[in-house]
Protein chains: 2
Amino acid sequence: MSQHRHPGAPGRAGAVPALPDLPEATVARLPEYLRALHNLADSGHETVSSEGLSAAAGVNSAKLRKDLSHLGSYGTRGVGYDVALLIEQIEYVLGLTQRRAVALVGVGNLGHALAGYDGFASRGFRIAALLDADPSRVGEEINGLVVRHVDELPVIAVQESIAIGVIATPAAAAQRVADQLVAVGVTSILNFAPCVLSVPEGVDVRKVDLAIELQILSFHEHRKASLTALPGGLAATETQEAIGT
Amino acid sequence: MSQHRHPGAPGRAGAVPALPDLPEATVARLPEYLRALHNLADSGHETVSSEGLSAAAGVNSAKLRKDLSHLGSYGTRGVGYDVALLIEQIEYVLGLTQRRAVALVGVGNLGHALAGYDGFASRGFRIAALLDADPSRVGEEINGLVVRHVDELPVIAVQESIAIGVIATPAAAAQRVADQLVAVGVTSILNFAPCVLSVPEGVDVRKVDLAIELQILSFHEHRKASLTALPGGLAATETQEAIGT
DNA sequence: TAGATTGTTAATCGATTAACAATC
DNA sequence: TAGATTGTTAATCGATTAACAATC
């Protein structure tokens with residue numbers, strides 16, 4: 001089935017093309033492929049095999065081909081994938097053809113770092129607003145942006161067409177901020193606060209909890225230690241694990 | 001099977017007890033349960049049902065019970081789980097009975113924030129060393145710790161019994177740092193640099209990529225937009241998704 | 001054509017979930 | 001005992017993987 005669905009090409013009836021309904025696991029890996037492809041493009045590669053790309057992205061090649069097959073057929077048998085075309089296609093699917101505006105709420109320790117993080121700008125996003133509930137923080141300038149009060153969110157959301165909200169507040173404040181984001185129409189939230197957010201249907205929440213990541217590693221440390229200490233002394237066999245996203 | 005395996009109790013033959021070989025998905029949720037349990041304990045609950053705990057942790061109750069069943073039987077039918085006992089048990093399994101020492105490499109923008117992140121200290125970890133390859137950064141004091149040169153790692157790793165390395169360098173430097181960590185015996189790495197690390201068997205790597213999280217949200221934004229724009233106008237139905245770790 | 005590599009198949013594996021028997 | 005809730009079963013679902021036919 002070699003039906004190229006070019007970026008922006010009409011699906012049927014000339015409407016906005018319906019995106020393929022990708023498996024979540026695939027969606028989570030596409031950004032990884034994209035990063036690897038950009039590296040390849042920067043180093044002058046015009047074409048790459050599934051073997052080559054999968055190695056660069058740290059997955060196995062069957063998985064990569066399966067993932068890409070969900071997007072349609074963009075490879076050439078016997079040759080590989082066109083790097084530029086695949087970049088274009090993945091960026092289209094991920095919705096990165098438009099630069100999405102991000103509102104970052106909470107400019108404490110972590111928020112400060114996020115506000116200055118280059119990776120956002122270079123990979124499809126624009127931090128359009130910094131907000132905080134603490135009046136003493138309002139007015140501070142970080143990276144060329146002035147911190148504004150979170151109550152200004154309704155105005156700012158419209159002015160800046162905020163698409164994604166990032167919560168970097170303490171846990172105690174996070175639910176209230178989430179409610180405020182939802183109230184102004186934000187349907188995608190990245191939550192750094194260590195708590196569960198409750199949001200209405202149709203709102204996507206992703207969570208990053210730094211301490212949890214360490215605790216998962218701690219489990220594996222503990223496990224490895226208990227294995228090596230075993231009577232039989234199994235040592236560190238079969239313990240490898242490069243864990244995905 | 002109500003075989004309580006108490007924290008620190010011998011498995012067989014009086015050796016260190018072999019940890020249960022938990023499913024990865026379960027391991028990733030245990031920290032979430034632990035956080036919820038601490039909240040419950042703080043608010044005076046002595047007992048909690050699977051229904052109550054699962055709600056607090058944002059998962060369904062069948063999944064919670066299944067997860068906990070892997071640890072052994074720590075609940076009481078008709079009653080629920082003893083909060084304190086369950087905390088103790090999960091902390092034991094996660095290896096949090098000892099406070100693990102963390103070396104943080106790269107004190108740029110993000111590294112600075114991580115160095116000051118309270119969540120680490122309060123949830124079982126001790127940032128024992130701050131390191132950087134840039135001599136102009138060495139000597140700087142952050143949160144009571146002096147930044148040292150990454151080449152001092154061999155000495156520091158031993159002195160501080162470093163268990164986990166956190167990489168917060170630019171992508172270009174990350175592999176070299178990973179090699180250095182591995183060389184001094186670190187077998188658990190949390191990588192914030194946007195690149196794939198290659199490490200020998202027995203070394204666990206977890207990755208946090210902030211831009212990838214936004215790109216995944218971007219996909220869902222794009223998808224929701226394409227659905228509402230559809231001829232039939234399916235609107236935002238069945239798009240809910242509170243994505244786990 | 002011969003060699004290379006994709007896209008797909010089908011088997012396997014692991015995770016989720018509802019339902020309920022066991023039991024406090 | 002009656003009510004509540006766990007721990008487990010079994011069915012289902014989704015993700016991974018090796019193998020290979022299709023095809024450049």
Side-chain angles (χ1 to χ4, degrees), chain A residues 1-5 20-30 32-33 37 40 45-83 85-86 89 216 238 240-245, chain B residues 1-5 20-30 32-33 37 40 45-83 85-86 89 216 238 240-245:
Chain A
M1 308 272 151
S2 184
Q3 263 195 339
H4 280 234
R5 219 182 299 144
D21 199 351
L22 306 178
E24 262 306 305
T26 297
V27 173
R29 282 187 296 262
L30 289 180
E32 204 67 66
Y33 302 153
L37 284 163
L40 287 164
H45 293 73
E46 300 203 332
T47 254
V48 66
S49 67
S50 63
E51 203 60 56
L53 180 54
S54 68
V59 303
N60 96 17
S61 66
K63 193 186 281 182
L64 171 82
R65 288 199 300 279
K66 182 71 152 169
D67 284 339
L68 294 186
S69 75
H70 288 116
L71 309 186
S73 280
Y74 290 91
T76 307
R77 289 161 134 109
V79 177
Y81 299 90
D82 181 286
V83 172
L85 176 63
L86 199 49
Q89 176 55 203
I216 294 169
E238 286 210 81
Q240 156 75 348
E241 216 157 319
I243 303 149
T245 309
Chain B
M1 307 280 150
S2 188
Q3 264 196 337
H4 280 235
R5 219 181 300 144
D21 199 349
L22 306 177
E24 262 308 304
T26 297
V27 173
R29 282 187 296 263
L30 289 180
E32 204 67 67
Y33 303 152
L37 284 164
L40 288 165
H45 293 73
E46 299 203 333
T47 254
V48 66
S49 68
S50 64
E51 203 60 57
L53 180 54
S54 68
V59 304
N60 97 16
S61 67
K63 194 186 282 183
L64 171 82
R65 288 199 300 278
K66 182 73 153 164
D67 284 339
L68 294 185
S69 76
H70 288 116
L71 309 186
S73 282
Y74 290 91
T76 305
R77 289 161 135 109
V79 178
Y81 299 90
D82 181 286
V83 172
L85 177 64
L86 199 49
Q89 177 56 203
I216 294 170
E238 284 209 82
Q240 156 74 347
E241 215 157 322
I243 302 151
T245 311

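Every value quoted in this text rests on a predicted model; they were computed, and no experiment measured them. Convention: sequence-line order gives letters A, B, ...; per-chain numbering from 1.
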Inset, instruction - Could you tell me whether the side chain of A/Arg77 has a donor or acceptor atom within less than 3.5 Å of a complementary atom in the base of D/dT23? - result: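 No pair found.
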
Heavy-atom closest contact ([X] atom, [Y] atom, distance):
| X | Y | result |
| --- | --- | --- |
| B/Ser49 | B/Tyr81 | C-CD1, 4.4 Å |
| B/His70 | B/Lys66 | ND1-O, 3.1 Å |
| A/Leu53 | A/Val48 | N-CG2, 3.5 Å |
| B/Ser61 | B/Ser50 | CB-O, 3.9 Å |
| A/Leu71 | A/Gln89 | O-OE1, 3.9 Å |
| A/Glu32 | A/Ala57 | CG-O, 3.7 Å |

Inset, instruction - Identify whether any heavy atom of B/Ala62 sits under 4.0 Å from a base atom; if not, whether one sits that close to sugar-phosphate; answer base, sugar-phosphate or nothing. - result: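 Base contact.
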
Inset, instruction - Counting heavy atoms from C-beta on, name the nucleotide in D/dT8, D/dT16, D/dC24 closest to the side chain of A/Arg29. - result: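 Looking only at side-chain atoms, A/Arg29 lies closest to D/dT16.
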
Inset, instruction - Ignoring backbone atoms, test whether B/Ser50 places a side-chain nitrogen or oxygen under 4.0 Å from the OP1 or OP2 oxygen of D/dT6. - result: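 For B/Ser50, the contact criterion (side-chain N or O under 4.0 Å from OP1 or OP2 of D/dT6) is met.
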
How long is the line joining [atom1] of [X] and [atom2] of [N], in whole Å?
| X | N | atom1 | atom2 | answer |
| --- | --- | --- | --- | --- |
| B/Tyr81 | C/dT23 | OH | C1' | 13 Å |
| A/Leu85 | C/dT6 | CG | C1' | 14 Å |
| A/Leu22 | D/dG14 | CG | C1' | 14 Å |
| B/Lys66 | C/dG14 | NZ | C1' | 11 Å |
| B/Asp67 | D/dG7 | CG | C1' | 13 Å |
| A/His70 | C/dT8 | NE2 | P | 10 Å |
| B/Arg65 | D/dG7 | CZ | C1' | 8 Å |
| A/Lys63 | D/dA15 | NZ | P | 11 Å |

Inset, instruction - Would you check if there is a donor-acceptor pair between the side chains of A/Asp67 and A/Tyr33 at a distance under 3.5 Å? - result: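 Yes, because at least one side-chain N or O of A/Tyr33 sits under 3.5 Å from a partner of the opposite role on A/Asp67.
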
Legend entry - Base-paired stems that DNA chain C participates in, counting runs of 3 or more Watson-Crick or G-U pairs under 3.5 Å: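 In DNA chain C, stems of three or more pairs: C:3-24 with D:3-24.
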
Legend entry - Residue closer to the 5' end of DNA chain D, B/Gly80 versus A/Val79 (nearest nucleotide):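 On the 5' side of the pair lies B/Gly80.
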
